[in-house]
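For the numbers below, each heavy atom of this structure counts, side chains included, while hydrogens, waters and symmetry mates do not.
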Amino acid sequence: SCIIINPSGKIIGRYDKKNIHGSTESWASNGIQNRIFNLDGIKTGILICIDIFYKENAIIMKELGADAIIVPAAWSPLYGTDPQKLWSEFSSLIPNTPIFICNQTGCDYKIDLNSASSAVMYNGKCITSYKGFPAILFSDINFSEFKIKNNNFEILYDDKQPRIKK
């Protein structure tokens with residue numbers, strides 16, 4: 001699930017992951033619908049992780065009038081798939097709608113996600129991306145023309161976080 005919080009800190013909604021991925025997510029129960037949330041005047045769709053694998057979710061987001069889509073995820077590059085190709089295909093289905101892929105980074109006792117990508121996709125292209133240690137990514141975005149200042153993220157990270165040595 002993803003809880004949506006507005007700029008004043010009020011919880012305005014919740015989105016439950018609609019698509020479950022086989023036995024690896026047998027602990028989860030899937031949601032039943034896609035939703036749009038008004039975030040400061042921007043109609044924002046939320047999809048969680050594997051939800052972006054399903055083209056019907058793109059069609060629904062388009063029908064609901066999404067201005068932007070946020071995708072919290074935990075894709076490891078170790079799985080042998082290139083999620084950026086998938087993200088590009090999904091983004092192509094929703095013209096002029098930025099998709100913000102917020103991929104988990106860092107590492108825990110099971111997996112190293114320091115080389116996992118977060119990205120901004122637009123019209124089937126990657127506008128900017130980040131791979132690295134756990135960080136907060138900032139960008140100044142003009143939504144009326146969809147331009148990202150310097151086509152890059154400002155990165156804030158804690159250099160005291162534990163790292164897996166390679």
Side-chain H-bond candidate by donor/acceptor type, N6 with D40, under 3.5 Å: no
I'd like to know if the side chain of S118 and the backbone of N103 have a donor-acceptor N/O pair within less than 3.5 Å. yes
Rounded to the nearest 0.5 angstrom, the OH-CG distance for Y130 and L137 is 6.5 Å
Using the rule that Ile, Leu, Val, Met, Phe, Trp and Tyr join whenever any side-chain heavy atoms are under 4.5 Å apart, tell me whether I59 and M61 fall into a single cluster. no
So how far is it from N96 CG to K62 NZ, rounded to the nearest 0.5 Å? 9.5 Å
Please tell me whether L64 and F37 are part of a single hydrophobic cluster in this structure, the criterion being side-chain heavy atoms less than 4.5 Å apart. yes
Nearest-0.5 Å distance, CD1 of residue I99 to OG of residue S92: 8.5 Å
Under the side-chain contact (heavy atoms from CB on, under 4.5 Å) rule, what do V71 and W87 come out as? Steps first, then yes or no, please. CA-CA 10 Å; V71 183; W87 301 339; 6.0 Å; no
Test side-chain contact (heavy atoms from CB on, under 4.5 Å) applied to I70 and Y15, step by step: CA-CA 11 Å; I70 299 172; Y15 173 76; over 6 Å; no
Does the pair I12 and L39 meet the rule for a side-chain contact (heavy atoms from CB on, under 4.5 Å), with working shown? CA-CA 9 Å; I12 60 169; L39 297 179; 3.6 Å; yes
Check for a donor-acceptor pair, side chain of D67 on one end and backbone N or O of K43 on the other, with a separation under 3.5 Å. yes
In terms of hydrophobic clustering (I, L, V, M, F, W, Y; side-chain heavy atoms under 4.5 Å; direct or indirect links), are I5 and L47 co-clustered? no
Going by heavy atoms in the side chains, are I52 and I101 under 4.5 Å from each other? yes
Begin from the C-alpha positions of L86 and F90 and carry the test side-chain contact (heavy atoms from CB on, under 4.5 Å) through to its verdict. CA-CA 6 Å; L86 176 81; F90 191 92; 5.6 Å; no
Would the distance check show the side chain of S91 and the main-chain N or O of N123 forming a donor-acceptor pair, the cut-off being under 3.5 Å? yes
How many angstroms lie between atom CG of N57 and atom CG of D51, to the nearest 0.5 angstrom? 5.5 Å
Over all heavy atoms of both residues, which pair between R14 and R35 is shortest? Give the atoms and the distance, please. O-NH1, 3.1 Å
Closer than 3.5 angstrom, by distance alone: can the side chain of T97 be matched with the main-chain N or O of P95 as a donor-acceptor pair? yes
Distance col, row M121:CE vs S129:OG, nearest 0.5 angstrom, shows 9.0 Å
N/O donor-acceptor pair under 3.5 Å between S88 side chain and K125 backbone: no
Can you tell me how far apart SG (C126) and CD (Q84) are? Round to the nearest 0.5 Å. 4.0 Å
